[in-house]
Amino acid sequence: MTFKDLGLSAALVKAVEEKGYTKPSPIQEKAIPFILEGKDILASAQTGTGKTAGFTLPVLHYLADTKHPKYRPLRALVLTPTRELAAQVYDNIREYSKYVNIKSAVVFGGVKAKPQIATLKNGVDILVATPGRLLDLHDQKAVSFKRIDVLILDEADRMLDMGFVRDINKIISFMPEKRQNLLFSATFSNDIKKLASGILKNPVSVETAPQNSTAKKVTHQVYKVDKKKKTEFTIKLIKDNNWTQVLVFTRTKHGANKLTEKLIKAGVSAAAIHGNKSQGARTKALKSFKDNSIKILVATDIAARGLDIPLLPHVINYELPNIPEDYVHRIGRTGRAGAAGEAISLVCSEEVEYQSEIEKLLNEKLNSSIIAGFEPTDTAPPKRAATQSKGSFGKKKKPGSSKVSNGSKPKNKPHFKANKTSGSNSGRGRTSAPKKKRF
Ligand code: ADP
Ligand code: MG
C-alpha cells in the first residue's frame with residue numbers, strides 16, 4: 001500500500017515522500033480512505049503512529065480539490081489541547097501542503113493576538129488552534145466558523161482532561177450542522193465516547209491493534225532510590241551514559257524548575273517546560289531541545305503531551321505519575337516510529353503503589369534494580385494512586401486499553417558499568433539486596 005493507492009493527490013504524495021515517508025502507517029492506511037469519503041471518524045492509535053498525517057493529508061486533499069469560495073473562508077479547523085501541539089501540527093500541515101494552494105495558520109494563547117488577527121483577515125483555509133484563544137478571536141469577530149466543512153479534534157482525551165469540553169461545545173455551536181468531524185485520541189475512555197457521541201454522526205471507528213509495524217520497542221527500567229537522592233542519581237545516570245537527549249518528567253512545575261537548576265549547576269544543559277513558563281520560554285526550550293543545543297528537557301505531563309520529538313532515545317520519570325495512564329503517555333515520547341527506546345523510572349518508597357498501578361495497567365512487571373551507593377533507606381509509606389475517572393479509586397482498568405509495549409520485547413541494557421547491584425533477568429519486578437559497592 002502506498003500513499004498514492006490511498007487516493008491522495010500527486011502533490012501531497014510528493015510532499016510526504018520528501019519527508020521520508022515511504023508508506024502509510026497502519027492508522028493512516030485505515031483512516032485516510034474513510035476521511036476522503038467524507039465520513040466522520042473516531043480514531044485511536046498509540047502515540048507516535050502518525051495520526052497527524054492521518055487526518056491532515058485527506059483534509060488537505062479535500063481542501064485543494066474543491067473550489068475556494070471567492071473570499072477565503074475558514075473551511076477546516078484543528079483543535080489541540082496545548083500550544084506546543086498546535087504549533088507542531090501546524091508545522092506538519094505546512095510541510096504537507098507545500099505543493100498545494102492552501103493557506104494555513106495557527107493561533108494559541110500566551111502570545112500577541114494582533115498578528116493572528118491580521119493573518120486571519122487575509123483568509124485561511126485550515127486553522128490549527130487551542131480552544132481558549134480561538135474563542136477570544138471569535139468574540140472579536142476575527143474569525144468565523146460559518147463555513148467550516150471539517151472539524152478535527154486532536155488529542156481529544158487530553159482536551160477532556162484539561163477541561164476544554166465547554167469551550168469545544170461553544171465553538172461547535174457556531175458551526176454549520178452539516179460538516180465532517182474527525183476525533184483523534186490516544187485512548188478510548190468512556191468520557192471520550194460520550195464526547196464523540198455528541199459531536200460525530202454515524203462515525204466509523206478506526207483503531208489499530210497494538211501489534212503493528214510501528215509498534216514501540218520500549219524497555220522499562222525502575223531504579224529504587226530515595227527521594228532525596230533522585231537528583232544526584234539523575235545526574236549520574238545522564239553523565240555515566242553520556243546521554244545527549246533526554247526528556248525528564250516531574251510531577252510538579254516547581255519540581256521541574258528545581259531539577260533544571262540543579263542539572264545546570266552540575267554542568268548538564270537543561271531547560272524546563274511547563275504551564276507557568278511564558279510561551280516564549282516554552283517555545284525556546286522545545287526548540288533548543290530539538291536542535292540539540294540543550295541535552296535535557298524537564299517537563300510536566302501536560303506540557304509534554306502530544307509533542308513529537310523524533311527518535312527520542314530516553315525518557316526518565318524523575319517521579320512516577322500518580323495517574324497510571326500518564327505513564328503510558330510519557331513513554332509515548334520514546335521509541336517513536338519503530339525505533340527502540342528506554343523508559344527509566346526513579347521510584348522511592350512513597351511511589352511503590354503508583355508503580356503497581358502502572359504494572360496493572362501495562363499487564364507487565366517493570367524490571368527493577370538498586371544501584372550501589374543509592375540503596376534506598378526511606379521508610380515513608382506509599383501514597384495511593386489515582387485513577388483517571390474521578391471518584392472511582394481502585395476501579396479496574398480495561399485490560400489492554402493503553403498497552404504500550406508489544407511485539408518482540410527488547411532486553412534491558414545495564415546503565416552502569418557492572419555496578420548494578422540487583423539482577424535484571426531473574427526476579428522480574430523484584431529487587432534483591434546489593435552485592436557489591438562500586439560508587
Ligand atoms: P501521533 O500523533 O500518532 O502521536 P505523529 O503524527 O506526531 O504521531 O507522528 C509521529 C512521527 O512519525 C512524526 O515524526 C512523523 O513525521 C512520523 N511519521 C508519520 N507518518 C509517517 C509515515 N507514514 N512514515 C514514516 N514516518 C511517519
Ligand atoms: Mg498526535
Side-chain angles (χ1 to χ4, degrees), residues 1-6 8 12-33 35 41-60 78-98 106 128 130 152-159 161-162 182-188 192 206-210 212-218 245 247 286 289-291 302-313 315 325 328-339 341 402-404:
M1 179 67 75
T2 64
F3 281 104
K4 192 166 164 249
D5 296 337
L6 292 177
L8 295 168
L12 292 170
V13 173
K14 186 172 170 202
V16 291
E17 279 172 1
E18 280 179 20
K19 279 278 286 175
Y21 304 175
T22 50
K23 59 180 181 44
S25 70
I27 189 74
Q28 290 162 1
E29 206 175 303
K30 281 194 178 173
I32 290 174
I35 301 176
I41 294 276
L42 177 60
S44 145
Q46 289 169 258
T47 24
T49 52
K51 290 191 285 297
T52 319
F55 63 75
T56 304
L57 293 171
V59 172
L60 288 173
V78 185
L79 291 176
T80 72
T82 64
R83 300 160 182 179
E84 284 77 12
L85 184 59
Q88 186 179 291
V89 170
Y90 171 61
D91 284 345
N92 282 329
I93 289 180
R94 264 201 335 209
E95 287 170 328
Y96 303 145
S97 63
K98 221 159 117 186
V106 61
V128 188
T130 51
I152 300 132
L153 303 179
D154 193 17
E155 298 277 353
D157 45 354
R158 182 57 40 150
M159 286 211 263
D161 293 350
M162 291 173 72
L182 314 175
L183 190 150
F184 282 76
S185 172
T187 51
F188 267 169
I192 280 289
V206 186
E207 258 181 289
T208 51
N212 59 41
S213 59
T214 52
K216 293 181 193 315
K217 302 183 202 76
V218 179
Q245 211 186 21
L247 182 59
L286 189 62
F289 186 59
K290 282 191 176 179
D291 69 18
I302 283 187
R305 186 66 199 280
L307 295 184
D308 173 40
I309 297 155
L311 301 177
L312 189 63
V315 166
E325 281 83 358
V328 176
H329 294 306
R330 288 180 178 191
I331 74 158
R333 314 291 101 219
T334 185
R336 295 179 80 75
S402 302
K403 270 227 165 147
V404 282

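Below, all heavy atoms of this structure are taken into account, side chains as well, without hydrogens, waters or symmetry copies. Order of appearance sets the numbers: ligands from 1, and atoms from 1 within every ligand.
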Can you check whether Asn92 reaches Lys19 side chain to side chain, under 4.5 Å on heavy atoms? yes
For ligand 1, which atoms have a heavy atom of Ser25 less than 4.0 angstrom away? 23 (N)
Ligand-residue contact atoms, ligand 1 with Lys23, heavy atoms, under 4.0 Å: 22 (C), 23 (N), 24 (N)
Of all the heavy atoms in Phe184, does at least one lie under 4.0 Å from an atom in ligand 1? no
With sequence neighbours left out, write down each residue that passes ring-ring contact (aromatic ring centres under 6.0 Å, His included) with Phe55, or none if nothing qualifies. Phe184
Contacts of Phe3 meeting ring-ring contact (aromatic ring centres under 6.0 Å, His included) (sequence neighbours excluded), chain-then-number -> none
Is any side-chain N of the basic residue among Lys98 and Glu18 closer than 4.0 Å to the acidic one's carboxylate O? yes
May I ask whether Ala45 places a heavy atom under 4.0 Å from ligand 1? no
Option set Pro26, Gly54, Ser44, Gly50, criterion heavy-atom distance to atom 8 (O) of ligand 1, minimum: Gly50
Under 4.0 Å from one or more heavy atoms of Thr49, ligand 1 contributes atoms 1 (P), 3 (O), 8 (O)
Min heavy-atom dist Glu155 to ligand 1 below 4.0 Å: no
Go through ligand 1 atom by atom and flag the ones less than 4.0 Å from a non-hydrogen atom of Thr52. 2 (O), 5 (P), 6 (O), 7 (O)
Taking all atoms of both residues into account, what is the closest heavy-atom pair of Ile35 and Gly54, and its distance? CD1-O, 3.5 Å
If we only count heavy atoms from C-beta on, is the Leu6 to Glu29 side-chain gap below 4.5 Å? yes
Side chain or backbone of Phe3 under 4.0 Å from ligand 1, or both, or neither, by non-hydrogen atoms? side chain
Identify the residue among Val206, Leu183, Ile32, Ile152 that makes a side-chain contact (heavy atoms from CB on, under 4.5 Å) with Ile41. Val206
N/O to N/O below 3.5 Å, does that happen between Pro24 and ligand 1? no
